[in-house]
Peer 1: 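Before I ask anything, let me first share the structure, which is written out below as structure tokens.
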Amino acid sequence: MDGPKRSQLRVRLRVTARRRGADGDGAGGAAGPGGRKRRMEAPVRNSVAKLQRREIGGRQLAARGGGPAAAVPERFRNMQLQEEFDTYDENAHLFVKLQFLKRRSKIIEIVAAKDIIFALANSGLCAAFDRVTNKRIAFLNLSPDEVIRSLFYNKNNDSLITVSVYAADKFSTLKCRTTPIEYIRRNQLDAGFPLFESESLKWPGFVEFDDVNGKVLTYSAQDGIYKVFELKNYSFLYSIPDENVQEIKISPGIMLLIYDRTPSYVPLKILSIEDGKQLKSFKHLLHRNKKIDFIEQFNEKLLVKQENENFQIFDVRSSELIEVSVSKFMTPSAFIFLYENNLFLTFRNRTVAVWDFRGELVTSFEDHLLWHNDCSTNNIYITSNQDLIISYCKSEAVAEDGTVVPVGSINISEIMTGRCIAKITANDPSLSVPGRRNGYSKRSSDWSTVPEALEDVTALFYDEDRNEIYTGNSHGLVHVWSN
């Protein structure tokens with residue numbers, strides 16, 4: 001496969017418009033909790049909701065420096081803090097007019113492609129850094145009132161898509177723009193162009209990028225129509241009228257349409273992702289007066305869980321039904337499908353587990369207690385061949401005075417065994433901090449210490465081509481870990 005690897009947690013990304021004027025802590029603030037129902041969905045980055053929509057598929061070439069499984073730990077041995085970038089700029093007032101864009105803000109999303117690191121701050125300011133020169137290329141905000149909400153690297157045409165909102169309409173409408181990576185490298189941001197201009201993506205409209213099938217799904221609340229586009233060239237394919245559709249879930253080759261439930265069943269349809277033709281229509285029986293925790297589709301498997309009821313795995317082809325006791329499978333806060341391995345990950349109470357589609361627990365992870373309660377996708381990375389999970393985890397560091405300091409660690413674990421094969425910790429004596437590079441240090445004359453870099457990490461990305469881990473923290477700093 002051509003082009004760099006991408007974070008496998010970001011293969012499906014849905015961004016939903018806000019209610020008009022409901023911009024919270026600036027237009028880039030995190031959203032509050034929201035339900036699964038499209039019309040009631042949280043407007044911005046509900047991390048759990050985003051994670052629930054992730055599917056992982058498509059085996060790629062081994063990362064540079066990779067090899068047999070026995071050599072995997074060597075890729076992460078002696079990882080050092082190599083570089084520090086800062087998204088904050090004291091001169092930001094020269095090109096932005098929104099006050100919250102001028103303030104130092106935590107990093108919420110990191111994407112890397114072709115030796116460029118893109119770091120998105122919670123304020124909505126997005127910076128691009130050149131990993132070769134280790135200098136900032138530019139801020140991607142083209143308008144003084146533009147608030148970038150999310151990023152998507154389109155490997156199909158080697159471009160970066162930004163999804164933004166603007167103060168001019170009180171941050172209520174999503175606007176998408178694509179810019180070739182090479183033009184970003186040259187700081188020729190004007191070479192990009194807008195996408196889906198014909199669509200009215202006001203709240204509760206949304207745009208969803210699906211890298212597994214190479215498709216884009218939009219919903220225009222104004223027209224009550226879903227539309228599907230090609231991700232490679234953004235050409236329109238077909239539309240789906242909103243006729244009591246509560247939610248659409250995408251799997252390889254198909255879409256699951258979930259309609260408004262009745263007391264005793266929920267109507268479902270399966271469509272071909274390529275042309276929108278109906279493949280199957282059926283009803284799934286429900287327990288009356290019990291809310292639905294989730295409905296998901298994985299190939300021919302329908303996963304259904306209701307409140308305080310058994311977990312159901314229903315084969316839509318053979319009609320075989322497998323039930324897993326509620327005491328064995330409790331409702332996770334989120335889960336991720338691993339298409340290549342025919343497994344799925346569940347996240348609950350900061351723990352991770354691997355399950356198969358017979359309802360059997362495959363793996364429990366050792367030494368992999370997640371730092372954040374909300375299972376943020378931006379603090380988790382799964383490698384392209386689905387053998388490793390890299391996360392920001394709970395850890396404790398000891399300060400010079402002997403006190404215990406709550407600082408997290410970066411843990412690398414095998415998905416199939418649950419074994420922790422490597423970790424970056426603040427109390428590792430082999431870690432050192434290099435001096436200033438190329439005179440680049442925006443915050444002060446000295447870089448962050450290792451404990452400072454590992455404190456309050458809010459975003460994580462692994463560049464499989466360069467074998468580097470990038471972390472962002474609450475101070476708006478991005479750190480590069482490499483061996």
Side-chain angles (χ1 to χ4, degrees), residues 11-12 36-37 51-59 210 212-213 215 217 228 240 244-288 290-348 352-363 382 386 415-416:
V11 294
R12 284 188 70 204
R36 299 281 296 167
K37 190 170 183 179
L51 191 55
Q52 285 171 326
R53 297 193 185 96
R54 298 301 186 270
E55 287 91 19
I56 298 171
R59 184 176 296 277
D210 172 34
V212 174
N213 297 289
K215 299 293 186 289
L217 174 68
V228 177
I240 305 170
N244 301 316
V245 176
Q246 185 190 82
E247 178 65 286
I248 292 183
K249 304 294 181 66
I250 302 178
S251 292
I254 60 174
M255 291 190 299
L256 175 70
L257 273 58
I258 305 172
Y259 291 84
D260 293 334
R261 65 170 289 181
T262 70
S264 58
Y265 66 88
V266 56
L268 303 167
K269 286 184 181 179
I270 296 177
L271 308 184
S272 166
I273 191 72
E274 295 300 328
D275 55 19
K277 291 182 179 178
Q278 181 175 308
L279 302 177
K280 188 177 181 66
S281 177
F282 60 104
K283 301 174 181 177
H284 186 80
L285 298 179
L286 298 174
H287 297 277
R288 287 177 174 268
K290 293 289 184 74
K291 78 178 186 71
I292 298 174
D293 288 340
F294 63 79
I295 297 178
E296 295 288 343
Q297 179 82 15
F298 178 94
N299 294 336
E300 72 278 4
K301 305 295 185 182
L302 182 71
L303 312 182
V304 181
K305 179 73 171 63
Q306 288 186 257
E307 184 180 23
N308 300 323
E309 296 293 340
N310 292 342
F311 172 45
Q312 296 181 330
I313 304 174
F314 179 69
D315 191 307
V316 298
R317 292 182 180 175
S318 66
S319 297
E320 178 188 11
L321 178 64
I322 297 174
E323 291 208 17
V324 184
S325 169
V326 67
S327 61
K328 180 181 177 181
F329 186 96
M330 292 178 283
T331 302
S333 57
F335 53 89
I336 303 171
F337 291 131
L338 304 175
Y339 289 127
E340 199 69 37
N341 299 329
N342 204 40
L343 301 168
F344 61 95
L345 299 175
T346 60
F347 298 82
R348 180 181 171 85
V352 189
V354 183
W355 299 78
D356 63 25
F357 287 90
R358 297 182 300 275
E360 298 294 332
L361 179 66
V362 176
T363 306
I382 293 177
Q386 302 173 13
I415 288 178
M416 296 307 296

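Side chains are part of it too, since the values below use all heavy atoms of this structure and drop only hydrogens, waters and symmetry mates. FYI, the numbering just counts along the sequence from 1.
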Peer 1: Kindly give the heavy-atom pair with the smallest separation between V316 and K280, and that separation in Å.
Peer 2: O-CE, 3.0 Å
Peer 1: Kindly give the heavy-atom pair with the smallest separation between L286 and T262, and that separation in Å.
Peer 2: CD1-O, 4.4 Å
Peer 1: Checking the side chain of N213 only, and the main-chain atoms of G253 only, is there a donor and an acceptor separated by less than 3.5 Å?
Peer 2: yes
Peer 1: Do you know which two heavy atoms are closest between V212 and P252, and how far apart they sit?
Peer 2: CG1-CG, 3.9 Å
Peer 1: Less than 4.5 Å apart, side chain to side chain, heavy atoms only: is that true for T346 and V352?
Peer 2: no
Peer 1: If I compare all heavy atoms of G359 with all of V324, which pair ends up nearest, and what's the gap?
Peer 2: CA-CG2, 3.6 Å
Peer 1: Does Q297 reach the side chain of I270, with side-chain heavy atoms less than 4.5 Å apart?
Peer 2: yes
Peer 1: For the side chain of R288 and the backbone of K290, is there at least one donor-acceptor N/O pair under 3.5 Å apart?
Peer 2: no
Peer 1: Check R317 with D315, please: is the shortest side-chain N to carboxylate O separation under 4.0 Å?
Peer 2: no
Peer 1: Can you see which heavy atom on R348 is nearest to which on P332, and at what distance?
Peer 2: CB-CA, 4.2 Å
Peer 1: Would you mind reporting whether K305 and V326 have side-chain heavy atoms less than 4.5 Å apart?
Peer 2: yes
Peer 1: Among residues at least two apart in sequence or on other chains, which ones pass salt bridge (charged side-chain N to carboxylate O under 4.0 Å, His left out) with E360?
Peer 2: K328
Peer 1: Determine yes or no for a side-chain-to-main-chain donor-acceptor pair under 3.5 angstrom, with T363 supplying the side chain and I415 the backbone.
Peer 2: yes
Peer 1: Looking only at non-hydrogen atoms, find the nearest pair between E323 and N310 and report the distance.
Peer 2: OE1-ND2, 3.2 Å
Peer 1: I want to know whether F335 and F347 have ring centres closer than 6.0 Å.
Peer 2: no
Peer 1: Treating E296 as the side-chain partner and L302 as the backbone partner, does any N or O pair qualify as donor plus acceptor under 3.5 Å?
Peer 2: no
Peer 1: Check this for me: does any side-chain nitrogen of one of K215 and E274 sit under 4.0 Å from a carboxylate oxygen of the other?
Peer 2: yes
Peer 1: Do D356 side-chain atoms and R358 backbone N/O form a donor-acceptor pair below 3.5 Å?
Peer 2: yes
Peer 1: Do K291 and D293 have side chains that approach each other closer than 4.5 Å (heavy atoms only, starting at C-beta)?
Peer 2: yes
Peer 1: Determine whether Q312 and I322 make a side-chain contact, defined as any pair of heavy atoms from C-beta on separated by less than 4.5 Å.
Peer 2: no
Peer 1: For F329, which residues count as a ring pair (Phe, Tyr, Trp, His ring centres under 6.0 Å) partner, sequence neighbours excluded?
Peer 2: F311, W355
Peer 1: Among L338, I336, L345, which one satisfies side chain to side chain contact (heavy atoms under 4.5 Å, CB included) with Q386?
Peer 2: L338
Peer 1: Atom OG1 of T331 and atom CZ of F294: how far apart are they, to the nearest 0.5 Å?
Peer 2: 6.0 Å
Peer 1: Counting C-beta onward and ignoring hydrogens, is there a side-chain heavy-atom pair between V362 and L343 closer than 4.5 Å?
Peer 2: yes
Peer 1: Is the backbone N or O of K301 less than 3.5 Å from a side-chain atom of N299, with the two atoms forming a donor-acceptor pair by type?
Peer 2: no
Peer 1: In the structure I gave you, are the side-chain heavy atoms of I292 and R261 within less than 4.5 Å of one another anywhere?
Peer 2: yes
Peer 1: Suppose the criterion is ring-ring contact (aromatic ring centres under 6.0 Å, His included): which pairs have a residue in residues 249-285, not counting sequence neighbours?
Peer 2: H284-F314
